[in-house]
Protein chains: 2
Amino acid sequence: MGRAVRPRPRPRATYHHGNLRSALIEGASTLLEREGPLGVTLRGAARQAGVSQAAPYRHFPNKSALLAAVAEAGFESLVRTMHLAARRHRGSPAAALEAMAKAIVRFAAEQPSRYRLMCGPAVRGRDHPSLLRAASAAWDLLTTTIRECHRAKRIRPGDPAQQGFVFWSTIHGLAVLVVDEQLPPPVLRAHSLEQLAGYATTVVLAGLAP
Amino acid sequence: MGRAVRPRPRPRATYHHGNLRSALIEGASTLLEREGPLGVTLRGAARQAGVSQAAPYRHFPNKSALLAAVAEAGFESLVRTMHLAARRHRGSPAAALEAMAKAIVRFAAEQPSRYRLMCGPAVRGRDHPSLLRAASAAWDLLTTTIRECHRAKRIRPGDPAQQGFVFWSTIHGLAVLVVDEQLPPPVLRAHSLEQLAGYATTVVLAGLAP
DNA sequence: ACCTGAACACCGTTCAAGT
DNA sequence: ACCTGAACACCGTTCAAGT
């Protein structure tokens, strides 16, 4: 048959060198974006990495551990995004809160499957301590900003954790509604997601005003 | 071996009579409570109903349709619970809102898998109109109560849908945090879920005050 | 009209075996 | 130390066949 142009398997890069772990995380993320949360598969991630179906078990005890690693990277990315949003409002913690709210909702709208995975039942934080740590960094950023609002007299005195959880519930709730496409169409038609996030922030801040 | 006491398959009841559909919904709900959202299986629901693995396809086009039916029953139950909670506060719509908030969070805490299924990616409302109708009944109840708050001068004038979505985001967000076990332990230790739901309602109502 | 049995293409996971 | 190949017990779904 001579030198037929036959499709070759993807170049293997340099696995066998210790970076299969991150290649699997990347492969799972690719599947997540392309196929949704239900399309993420251990075998599929292995295929993406150009490796046999049993290879992942050298790096993760089970599927859930791989998903937890993907979720962890998601939280790191989310916290980075929140930081960036807040940084532009250094002197005004209330404005920083609003910017973070919009950033969270934008993050969820742009990568719904990722956001769902980060919060969903596929990974139970209890079983994955490093995922818990990544998630609590978001909480910390939030409560820190709440404390700044105290100092700036934009929020009445009180337990920052308790006040923060109301804020987080509201924004996370909106993000989840967006991700699950559960916002009633009339609301969606009348307002952009940014407007909704801004409005929700305004209401909660007014409710917490001194 | 004489009359050995051998375990018999569950009595078949009277399927073949048109109630296999509801038997499958019940079987799936049983699995949902017992094994969690990831343990719900079409084959398992068929087993629960004492029927072959292919039988469900006479009644549901696919697994997602069965899950949507389970989710639909969940929304009906939730709306009933909300109604009951609100009914005891006929003259005070603000108190009714708070009672509904607590009822929603209690519902989610008591049946986390069910609540997750109702909102999660396993069933996309868009593909299941009757699920959408069941879900929007909850929204309707909420906006109706918001309108009563307008009349009672407990909430400032404004679009009930927009105000309702903030309230719903907050309570749904809290419910989802509970279901996903994402509330920080310090918050949980200091307050009961009822207290958290009450506090969140108070904050949002204050933010929407005239 | 409603259900069964067998089959297909997929999973997650395990385990001996290779280098 | 790291990976492969084959196997096991499960899925969702289809389809001929039974009554």
Side-chain angles (χ1 to χ4, degrees), chain A residues 8-28 30-32 34-71 117 120-124 127-128, chain B residues 9-28 30-32 34-71 113 117 120-124 127-128:
Chain A
R8 268 196 287 173
R10 291 236 164 169
R12 292 261 181 135
T14 64
Y15 309 145
H16 304 258
H17 288 75
N19 50 358
L20 176 53
R21 189 191 142 91
S22 52
L24 287 167
I25 295 178
E26 208 181 320
T30 304
L31 286 178
L32 185 62
R34 222 170 54 200
E35 317 281 348
L38 289 73
V40 185
T41 243
L42 206 49
R43 285 165 108 112
R47 271 191 298 266
Q48 289 285 319
V51 104
S52 91
Q53 74 213 214
Y57 288 91
R58 286 299 122 191
H59 300 270
F60 299 97
N62 49 38
K63 180 185 181 182
S64 163
L66 171 58
L67 295 183
V70 175
L117 176 70
V123 289
R124 314 192 58 60
D127 307 330
H128 305 284
Chain B
R10 290 237 165 170
R12 292 261 183 135
T14 63
Y15 308 146
H16 306 257
H17 288 75
N19 50 357
L20 177 53
R21 190 190 141 91
S22 52
L24 287 167
I25 295 178
E26 208 181 321
T30 302
L31 286 177
L32 185 62
R34 223 170 54 200
E35 316 282 347
L38 288 73
V40 186
T41 244
L42 206 49
R43 285 166 109 111
R47 270 191 298 267
Q48 289 285 320
V51 104
S52 91
Q53 75 213 214
Y57 288 90
R58 286 298 121 192
H59 299 269
F60 299 97
N62 50 38
K63 180 186 182 180
S64 162
L66 171 57
L67 295 183
V70 175
S113 301
L117 176 69
V123 289
R124 315 191 58 61
D127 307 330
H128 304 285

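Every chain is numbered from 1, with letters handed out A, B, ... down the list of sequences. Because only heavy atoms are used, hydrogens play no part in the values below, and waters and symmetry mates are left out as well, while side chains stay in.
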Q: Starting the side chain at C-beta, find the nucleotide from C:dT4, C:dC3, D:dT4 nearest to A:Ala55.
A: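 So the side chain of A:Ala55 is nearest to D:dT4.
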Q: From D:dA6, C:dT4, C:dA7, pick the nucleotide closest to the side chain of A:Gln53?
A: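 Within the option list, the nearest is D:dA6.
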Q: Side chains of A:Ser64 and A:His128: closer than 4.5 Å at any heavy-atom pair?
A: yes
Q: Considering heavy-atom distances to DNA chain D, does B:Arg58 or B:Asn62 have its closest nucleotide positioned more toward the 5' end?
A: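 The answer here is B:Asn62.
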Q: Measuring from the side chain of B:Leu42 (C-beta onward, heavy atoms only), which nucleotide among C:dA6, D:dG12, C:dC11 has the closest atom?
A: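 Out of C:dA6, D:dG12, C:dC11, the nucleotide with an atom closest to B:Leu42's side chain is D:dG12.
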Q: Nearest whole Å is fine: how far is D:dC2 P from A:Leu20 CG?
A: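 Distance, rounded to whole Å: 10 Å.
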Q: Using only side-chain N and O atoms of A:Arg47, determine if any of them is under 4.0 Å from OP1 or OP2 of C:dC11.
A: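 Indeed, a polar side-chain atom of A:Arg47 lies that close.
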Q: Both distances under 3.5 Å, Watson-Crick or G-U wobble: report the partner of D:dC8, or none.
A: C:dG12
Q: Does D:dC2 have a Watson-Crick or wobble mate here (both distances under 3.5 Å), and if so which one?
A: C:dG18
Q: Given B:Ile25, which partner from the list B:Leu66, B:Leu67, B:Thr30 fulfils the side-chain contact (heavy atoms from CB on, under 4.5 Å) test?
A: B:Leu66
Q: The side chain of B:Ala54 lies closest to which of these nucleotides: C:dC3, D:dT14, C:dT14?
A: D:dT14
Q: I need the CG-C1' distance between A:Leu38 and C:dC11, as an integer number of Å.
A: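 After rounding, the gap between these two atoms is 13 Å.
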Q: Any non-hydrogen side-chain atom of A:Leu20 less than 4.5 Å from a side-chain atom of A:Arg58?
A: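 In short, these two side chains do not touch, never coming nearer than 4.5 Å.
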Q: Just how far, in rounded Å, is C1' of C:dA1 from CG of B:Asn19?
A: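 After rounding, the reported distance stands at 15 Å.
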Q: In this structure, how many angstroms lie between the P atom of D:dC11 and the CG atom of B:Leu66, rounded?
A: 14 Å
Q: Side chain of A:His59, heavy atoms from C-beta onward: which of D:dC15, D:dC3, C:dG12 has the nearest atom to it?
A: D:dC3
Q: What's the shortest heavy-atom distance between B:Pro56 and B:Ala46, and which atoms?
A: CG-CB, 3.8 Å
Q: Rounding to a whole Å, what distance do you find between A:Phe60:CZ and C:dT13:P?
A: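 These atoms are roughly 13 Å apart.
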Q: D:dC10 C1' sits how many Å from B:Leu31 CG, rounded?
A: 14 Å
Q: Name the closest nucleotide to the A:Tyr57 side chain, picking from D:dG12, C:dG12, C:dT4.
A: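 Shortest atom-to-atom distance from the side chain points to C:dG12.
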Q: Return the minimal non-hydrogen interatomic distance between B:Phe60 and B:Ala69, and the atom names on each side.
A: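 Heavy-atom minimum between the residues: CE2-CB, 4.0 Å.
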Q: Does OP1 or OP2 of C:dC10 have a side-chain N or O of A:Thr41 closer than 4.0 Å?
A: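 Looking at the OP1 and OP2 atoms of C:dC10, neither is under 4.0 Å from any side-chain N or O of A:Thr41.
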Q: Specify the separation, in whole Å, of atom CD of A:Glu35 and atom P of C:dC10.
A: 13 Å
Q: Can you check the A:Arg43 CZ to D:dC11 P distance for me, whole Å?
A: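 For the pair A:Arg43 CZ and D:dC11 P, the rounded distance is 16 Å.
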